[in-house]
Amino acid sequence: MSDRAGAPGRPAGAHPLQDIRRIFAIWIALSIVGDLIFWFVAGPHVPPGDMTSSASGAQFDFNVLFMVALPVILGVWTYMGYAVLMWRASRPGVPDPVGGPRARSNLKVQLWWIVLTTITVLGMFIFGTVELIVPAGAGGAEGPNPIWTPTSKTILPVQVIAQQWKFTYRYPTFGGMETNTLVIPDNTTIAFHVTSLDVIHSFWAYQLGVKIDANPGVDDIGYTTTNQLGRFSVRCNELCGIWHGAMWDFGKVVTKSQFMRWGEATERAHADNTKYLPPFAWTYVPTANTTTGVTVANTSGQAPFSKVQKYGATTSAKKTLKNVVTATSTITTGGSTG
Amino acid sequence: MLGLFAVVAFLVVWTAMSFVATEPATVSFIKGHSPGAPVHLVAQTDGAVGTGAHPTWVSYQVETPQSRKWVHTTLWQLPANTRIDVTIYQFDSGSPLRNQQWGRVTGTIGNSATITGTTFQVVNSYQHTVGHTFTVPTLGINVPLRGVDTSKKGFCTSGPCNPKTQLHHTVTFSFKTPKLPGNYRFQCFIPCGAGHYAGNGGPMQTLGYMGGFLEVQA
């Protein structure tokens with residue numbers, strides 16, 4: 001079979017590799033331009049942004065995966081477009097397609113296809129897997145005994161307590177105070193200790209790139225490091241009842257000095273209620289699920305925060321630490337059933 | 001076949017109409033309200049509402065501003081950017097809060113409330129017990145409503161209860177509605193849905209009982 005007759009759609013006199021070279025050149029040019037435009041124009045705006053290490057990590061991962069995927073789809077589109085333009089039946093000089101060995105298969109092309117797609121998919125799989133765990137768990141939940149931990153020597157522990165249908169936050173290094181709003185400092189590594197008092201929830205601080213399941217009786221830990229001031233949204237990401245959709249609020253990343261002022265002022269302002277809270281613990285145990293639901297601290301064998309989780313620790317917080325370590329798992333209750 | 005279709009169609013329409021028909025009424029505090037004047041909202045929390053599809057469920061009832069009748073609903077229409085003076089007659093018994101955080105008064109004018117004339121900012125729910133909380137999460141409002149002692153005489157077993165003759169706590173507080181019109185959800189943060197999973201089913205998540213909306217209108 002001659003080139004003229006055997007290469008479907010090729011105009012008379014064209015070199016057999018000419019089409020492939022053209023397609024390849026167009027594809028390379030489009031891919032480079034497309035990837036560069038995406039990286040520099042769209043990339044910085046890809047959610048969840050770069051408010052924290054985990055958010056910027058997620059943004060980087062998305063951008064990299066998109067830049068790998070873009071040439072693939074451009075390759076398909078380039079081939080299709082070239083075929084439509086150059087090999088259409090109505091184009092003068094294009095012969096009808098014919099069969100033959102070269103139309104049936106091409107081992108070389110098939111091998112290249114398998115090798116390239118395998119490398120691409122495996123590469124993305126390895127990249128994605130590594131990025132899921134670095135740095136320090138990438139803002140995901142690691143359970144009560146994290147494997148991937150941050151290197152920072154001062155970590156701010158923040159306990160997230162989920163309850164139908166609101167998140168509240170306890171700061172063990174600020175006397176164990178509990179607040180309705182989440183405030184964290186800039187340029188600081190945060191250890192989120194997430195638990196629930198009733199059903200399963202999920203703490204999703206979107207712009208922080210943090211998503212951690214909230215399970216009753218479990219201290220689910222995730223880390224991130226803030227690197228930008230601003231407001232972020234918090235929402236529950238686990239269907240938790242009829243008002244699940246209303247379980248959201250906003251948090252703030254403020255400067256370290258603002259955070260310390262806020263923390264100390266809030267600790268003082270909340271002292272009248274903090275003294276009635278159960279002693280700080282990583283999990284709490286409602287003794288019943290109905291109107292007799294007394295919640296007690298589950299302090300079995302757990303220090304309230306590790307040596308590195310001491311950011312902002314005040315005198316009262318140190319006292320709390322001492323108290324909690326020695327506390328029993330019960331508190332005095334004067335209540336009756338409702 | 002046509003008969004089966006008719007039966008299915010009837011069931012679908014009947015189910016849809018049942019949902020529509022069971023939506024609680026809306027009590028308006030806007031009709032007749034003079035702009036700028038405070039709104040007086042009077043409600044009660046009953047251990048058993050005594051009426052409707054679930055007479056044994058805990059519930060709010062609210063007094064209409066015009067006829068002073070108790071209405072079983074939690075859809076309260078309020079004017080925007082207006083001071084709301086609230087009086088709640090709390091007739092229900094109490095227990096410790098699942099999260100003592102809700103024992104703190106927030107979001108009201110002065111971040112305080114009164115119980116039988118005495119101002120308070122925090123309720124130690126382990127000591128005094130809390131029957132319910134009036135909490136509007138998006139407005140940051142939370143007021144714990146202390147539980148009554150069921151061993152005392154005059155405990156109300158079925159609503160609407162009478163604040164003149166039956167055992168209760170009178171809790172008052174004021175807050176300002178936001179300038180932005182909208183539906184602001186309120187709920188109770190003590191798991192008072194006895195017999196339901198986690199105590200938060202049944203009346204806790206049903207409009208007209210312990211869940212509702214402040215329908216703020218311009």
Side-chain angles (χ1 to χ4, degrees), chain A residues 159 161-170 176-181 195-201 216 240-250 269-279 284-297 330-338, chain B residues 47 58 92-107 111 120-132 135 137-138 140-142 144 147-151 183-202 204-207 211 213:
Chain A
Q159 183 173 53
I161 301 172
Q163 181 181 5
Q164 289 174 316
W165 290 275
K166 182 87 175 74
F167 289 107
T168 55
Y169 310 94
R170 270 191 102 167
M177 68 175 182
E178 187 168 346
T179 68
N180 293 348
T181 54
T195 190
S196 169
L197 298 182
D198 40 47
V199 300
I200 55 172
H201 303 268
C240 60
I242 197 165
W243 298 121
H244 159 70
M247 195 169 165
W248 57 270
D249 57 46
F250 293 101
H270 285 207
D272 55 355
N273 194 43
T274 303
K275 65 186 177 188
Y276 299 134
L277 294 173
Y284 304 92
V285 185
T287 55
N289 278 330
T290 59
T291 49
T292 55
V294 181
T295 303
V296 298
T330 57
I331 55 173
T332 305
T333 61
S336 62
T337 59
Chain B
V58 295
D92 200 6
S93 58
S95 71
L97 286 157
R98 179 166 290 170
N99 186 347
Q100 169 63 32
Q101 172 68 0
W102 304 112
R104 181 181 178 78
V105 181
T106 59
N111 284 321
F120 71 98
Q121 291 170 321
V122 170
V123 171
N124 177 1
S125 70
Y126 298 104
Q127 182 183 352
H128 297 294
T129 79
V130 169
H132 303 282
T135 310
T138 50
I141 296 170
N142 178 64
V148 297
D149 187 348
T150 56
S151 64
N183 291 336
Y184 297 88
R185 183 183 67 88
F186 67 89
Q187 73 165 92
C188 170
F189 266 98
I190 192 158
C192 54
H196 296 272
Y197 186 72
N200 279 338
M204 289 291 287
Q205 56 179 19
T206 305
L207 284 181
F213 285 95

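All values below were derived from every heavy atom in this structure, side-chain atoms included, with hydrogens, water molecules and symmetry-related copies excluded. Chain naming here is simple, since letters A, B, ... match the order of the sequence lines and numbering starts at 1 in each.
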Student: Between T206(B) and chain A, which part of the residue has a heavy atom less than 4.5 Å away: side chain, backbone, both or neither?
Tutor: neither
Student: Taking all non-hydrogen atoms of both residues, which atom of M204(B) and which atom of W165(A) are closest, and how far apart?
Tutor: O-CZ3, 4.2 Å
Student: Decide yes or no for K166(A) and T135(B): does some side-chain heavy atom of the first lie under 4.5 Å from some side-chain heavy atom of the second?
Tutor: no
Student: Where does Q101(B) contact chain A at under 4.5 Å (heavy atoms): side chain, backbone, both or neither?
Tutor: both
Student: If every non-hydrogen atom of R98(B) is compared with every non-hydrogen atom of Q163(A), which pair is closest and at what distance?
Tutor: CB-NE2, 4.0 Å
Student: How many angstroms lie between atom CG of L277(A) and atom OH of Y126(B), to the nearest 0.5 angstrom?
Tutor: 7.5 Å
Student: Is W248(A) atom CH2 crowded by more than 12 heavy atoms from other residues, nucleotides or ligands, each under 6.0 Å away?
Tutor: no
Student: State the CG-CG distance between N99(B) and D198(A), to the nearest 0.5 angstrom.
Tutor: 10.0 Å
Student: Measure the CZ-OH distance between R104(B) and Y276(A) for me, rounded to the nearest 0.5 Å.
Tutor: 11.5 Å
Student: For chain B, find which of T179(A), D249(A), T274(A) contributes the most heavy-atom pairs closer than 4.5 angstrom.
Tutor: T179(A)
Student: Working to the nearest 0.5 angstrom, can you tell me the gap between D272(A) CG and F120(B) CZ?
Tutor: 12.0 Å
Student: What distance separates M247(A) CE from R185(B) CZ, expressed to the nearest 0.5 Å?
Tutor: 9.5 Å
